[in-house]
Amino acid sequence: MELTITTWFALGTVGMAAGTIGLAAGYTRLSDPHRIPFLDLVAVTAIATVAYGLMALDLGAVTSARGATLYVPRYVDWLLTTPLHIVYVGWLAGADRSTLAKLAALQASTIVFGFAGGMVAAPLNLVLFAAGAVVFGVLIYLLYTDISELARERDDMTLALYRTLRNFVVVLWLVYPVVWLLGGPGIGFMDTETASLVVTYIDVVAKVGFGLIAYSTLRDIEFLRSSADGAMATSVD
């Protein structure tokens, strides 16, 4: 079988769909306090499934001023889903709504800068890339300072989950600007097929992996709290 961009997008669709089914099943096993926030993570893979499905059907591809191919469904996916991840991380830390909105807006801005930069000619593409990088740097700074301060007021397991998911997204998301810079939207060193393969792989790991880590840890938290409550009740009896 010849491996093409369509193949990677089809595999991405399957991976995201399987992740959505698994996370939706996990949602039904969580206790009420964790369910509504966890819907964020189910929505992330569901949105990505639609985006990859459209790209697998060869829909939404546009050509930039530099002749590079950009996929609109991918950027719409990122515009919606990466802020959802940030909101979930912020929620774990106990951030209020205005702080969550600020974090989501910063993350959404990086996607807008990335798409705009990908569509224009050089050197404006690199200027917009740099603007997105600066915004991303500010977001990382907040996650490791102000938001971390909030998270330290949570219980130990919630704090540990916050740190794990924060580090998970920050490390994985650092790959995207590298691929952008090396690929068609940037300096064109990486061809579209290779960039699509790398991004599809990272996307599935980032979205499905994030949800699985959250689900596994939340179940542990619920088990330990249930055990502690049971022990306390027995002691009182």
Side-chain angles (χ1 to χ4, degrees), residues 1-16 44-45 47-86 103-141 143 168-208 210:
M1 179 179 70
E2 184 182 0
L3 299 179
T4 64
I5 293 176
T6 301
T7 305
W8 306 133
F9 290 157
L11 291 173
T13 306
V14 172
M16 294 298 184
V44 164
T45 53
I47 292 169
T49 301
V50 175
Y52 271 93
L54 291 173
M55 292 188 291
L57 294 173
D58 200 23
L59 298 174
V62 294
T63 303
S64 75
R66 300 180 65 248
T69 300
L70 276 74
Y71 296 92
V72 175
R74 167 174 288 159
Y75 281 90
V76 172
D77 167 5
W78 289 345
L79 184 64
L80 297 174
T81 61
T82 56
L84 285 176
H85 271 166
I86 290 300
L103 295 173
L106 284 171
Q107 175 53 33
S109 297
T110 68
I111 305 303
V112 172
F113 279 123
F115 181 73
M119 289 299 296
V120 299
L124 184 55
N125 64 332
L126 298 180
V127 172
L128 292 171
F129 172 83
V134 169
V135 175
F136 189 50
V138 172
L139 177 66
I140 292 176
Y141 173 79
L143 290 176
F168 185 80
V169 294
V170 168
V171 171
L172 283 180
W173 287 0
L174 286 174
V175 177
Y176 292 102
V178 173
V179 174
W180 189 101
L181 193 58
L182 295 178
I187 61 177
F189 180 76
M190 182 184 292
D191 60 46
T192 304
E193 287 80 3
T194 304
S196 297
L197 165 63
V198 174
V199 170
T200 299
Y201 175 77
I202 297 297
D203 253 359
V204 173
V205 172
K207 291 179 168 64
V208 178
F210 186 103

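Keep in mind that the numbers below use all heavy atoms, side chains included, and drop hydrogens, waters and symmetry copies.
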Inset, instruction - Would you indicate whether Tyr201, at its atom OH, is surrounded by more than 12 heavy atoms from other residues, nucleotides or ligands within a distance under 6.0 Å? - result: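 Open.
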Inset, instruction - Using the six-membered ring wherever Trp is involved, compare the ring planes of Phe210 and His85 and label them parallel, tilted or perpendicular (cut-offs 30° and 60°). - result: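 Ring orientation of Phe210 relative to His85: parallel.
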Legend entry - All side chain to side chain contact (heavy atoms under 4.5 Å, CB included) counterparts of Val179, not counting sequence neighbours: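 For Val179, the residues satisfying side chain to side chain contact (heavy atoms under 4.5 Å, CB included) (neighbours in sequence not counted) are Val175, Met190, Ala195, Val198, Val199.
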Legend entry - Heavy-atom donor-acceptor pair, Arg74 side chain to Gly60 backbone, under 3.5 Å: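 Absent.
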Legend entry - Derivation and outcome, side-chain contact (heavy atoms from CB on, under 4.5 Å), residues Thr4 and Glu193: CA-CA 7 Å; Thr4 64; Glu193 287 80 3; over 6 Å; no
Inset, instruction - Check for a donor-acceptor pair, side chain of Thr81 on one end and backbone N or O of Val44 on the other, with a separation under 3.5 Å. - result: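 Checked: no pair found.
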Legend entry - side-chain contact (heavy atoms from CB on, under 4.5 Å) partner of Leu106, chosen from Ile140, Leu143, Val138: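 Filter result, single survivor: Val138.
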Legend entry - Pair Ile47-Lys207, side-chain contact (heavy atoms from CB on, under 4.5 Å): steps then yes or no: CA-CA 10 Å; Ile47 292 169; Lys207 291 179 168 64; over 6 Å; no
Legend entry - Asp191, CG: over 12 other non-hydrogen atoms inside 6.0 angstrom: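 Yes, the 6.0 Å shell around CG holds more than 12 heavy atoms from other groups.
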Legend entry - Positive for side-chain contact (heavy atoms from CB on, under 4.5 Å) with Gln107, one of Val135, Val169, Ile86: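 Testing each of Val135, Val169, Ile86 against Gln107, the sole residue satisfying side-chain contact (heavy atoms from CB on, under 4.5 Å) is Ile86.
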Legend entry - From CG (Leu126) to CG (Leu181), nearest 0.5 Å: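 So the gap between those two atoms works out to 6.5 Å.
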Legend entry - For Ala61 against Thr69, the heavy-atom pair lying closest together: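 Smallest heavy-atom distance, with atoms named: CB-CG2, 4.1 Å.
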Inset, instruction - Determine the minimum heavy-atom distance between Ser196 and Phe9, stating which atoms define it. - result: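 Of all heavy-atom pairs spanning Ser196 and Phe9, the closest is OG-CZ, 4.0 Å.
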Legend entry - Asp58 vs Thr6, side-chain contact (heavy atoms from CB on, under 4.5 Å): CA-CA, chis, key distance, verdict: CA-CA 7 Å; Asp58 200 23; Thr6 301; 5.6 Å; no
Legend entry - Distance in Å, Thr110 OG1 paired with Leu128 CG, rounded so as to fall on 0.5 Å steps: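 One gets 12.5 Å once the value is rounded to the nearest 0.5 Å.
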Inset, instruction - Output the distance between atom CG (Leu70) and atom OG1 (Thr192), rounded to the nearest 0.5 Å. - result: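 Between Leu70 CG and Thr192 OG1, I get 9.0 Å after rounding to 0.5 Å.
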Inset, instruction - Kindly determine whether Thr200 and Tyr52 satisfy side-chain contact (heavy atoms from CB on, under 4.5 Å), including the steps that lead there. - result: CA-CA 9 Å; Thr200 299; Tyr52 271 93; 3.5 Å; yes
